Amino acid sequence: MKSLTKIVTTAVLMSPLATGVAQATETYNVSYIEVEECEYDEVAVSFDNGWVFICEEYKYPYHYASAVLIVEHQGFGGARLCLSGGECLKGRIE
């Protein structure tokens with residue numbers, strides 16, 4: 001298993017975007033994140049609140065900027081990490 005080297009502060013992660021509509025999906029701004037690779041069933045990002053984003057596809061975005069984390073539910077297929085260039089990575093939060 002890969003070592004967890006990517007850390008994003010909880011204060012940034014836990015700031016939901018104002019959507020004006022109550023819904024089950026939670027959206028979080030991430031002011032800065034580094035994601036070089038997204039390999040199936042591997043950890044791409046570890047957040048300091050204990051969450052980890054595990055990829056469910058293979059992509060190599062080499063991304064070093066802001067992102068939006070969209071969590072529809074915990075477990076398989078429940079999250080997307082949308083990078084500032086518009087590309088979204090499919091995965092899950094554990």
Side-chain angles (χ1 to χ4, degrees):
M1 177 173 260
K2 290 182 181 179
S3 62
L4 306 178
T5 58
K6 311 292 189 266
I7 304 295
V8 175
T9 62
T10 302
V12 173
L13 175 67
M14 298 309 292
S15 301
L17 294 172
T19 61
V21 178
Q23 53 188 352
T25 301
E26 296 177 1
T27 306
Y28 303 94
N29 269 329
V30 182
S31 62
Y32 181 80
I33 196 168
E34 296 179 6
V35 181
E36 292 185 358
E37 57 189 40
C38 186
E39 295 186 340
Y40 188 84
D41 214 26
E42 295 288 331
V43 173
V45 179
S46 177
F47 299 99
D48 70 353
N49 69 348
W51 287 4
V52 291
F53 181 84
I54 299 175
C55 293
E56 294 179 347
E57 62 184 348
Y58 293 93
K59 286 191 177 180
Y60 300 90
Y62 298 99
H63 177 79
Y64 308 93
S66 63
V68 174
L69 176 63
I70 302 167
V71 181
E72 295 174 2
H73 58 82
Q74 298 284 326
F76 189 81
R80 288 176 286 147
L81 185 60
C82 295
L83 310 177
S84 59
E87 178 179 23
C88 290
L89 307 175
K90 295 181 214 171
R92 66 185 182 270
I93 294 294
E94 292 185 354

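Not measured: the values here are computed from a predicted model.
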J.: Side chain to side chain contact (heavy atoms under 4.5 Å, CB included), that's the test. Do Val68 and Asn29 meet it? Break it down for me.
T.: CA-CA 5 Å; Val68 174; Asn29 269 329; 4.0 Å; yes
J.: Write down the atom of Leu89, the atom of Glu57, and the distance for their closest heavy-atom approach.
T.: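 Minimum heavy-atom separation between Leu89 and Glu57: CA-OE2, 3.2 Å.
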J.: Please name the pair of heavy atoms, one in Phe47 and one in Val30, separated by the smallest distance, quoted to 0.1 Å.
T.: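 Nearest pair, atom of Phe47 first, then Val30: CE2-CG2, 4.5 Å.
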J.: Would one find more than 12 heavy atoms of other residues, nucleotides or ligands at under 6.0 Å from atom NZ of Lys90?
T.: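 Result for NZ/Lys90: open.
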J.: To the nearest 0.5 angstrom, please state how far the CZ atom of Arg92 sits from the CZ atom of Phe53.
T.: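 CZ of Phe53 is found 9.5 Å from CZ of Arg92.
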J.: Kindly give the heavy-atom pair with the smallest separation between Cys38 and Pro61, and that separation in Å.
T.: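 In this case the closest contact between Cys38 and Pro61 is N-CD, 4.4 Å.
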J.: What heavy-atom pair brings Ile70 and Thr25 nearest, and what distance separates the two atoms?
T.: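 Closest pair (atom of Ile70, atom of Thr25, distance): CG2-CG2, 3.5 Å.
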J.: Let me confirm one number: the SG-CG distance from Cys88 to Leu81, rounded to the nearest 0.5 Å.
T.: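 Rounded to the nearest 0.5 Å, the SG-CG separation comes to 8.0 Å.
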J.: What's the separation between atom NZ in Lys59 and atom CG in Leu83, rounded to the nearest 0.5 Å?
T.: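 Reported value, rounded in 0.5 Å steps: 8.5 Å.
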J.: Just do the side chain to side chain contact (heavy atoms under 4.5 Å, CB included) check on Leu69 and Val45 with the steps written out, would you?
T.: CA-CA 11 Å; Leu69 176 63; Val45 179; over 6 Å; no
J.: So if I apply the side chain to side chain donor-acceptor pair (under 3.5 Å) rule between Tyr60 and each of Glu37, Glu39, Glu36, which one comes out positive?
T.: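 Exactly one candidate clears the test, Glu39.
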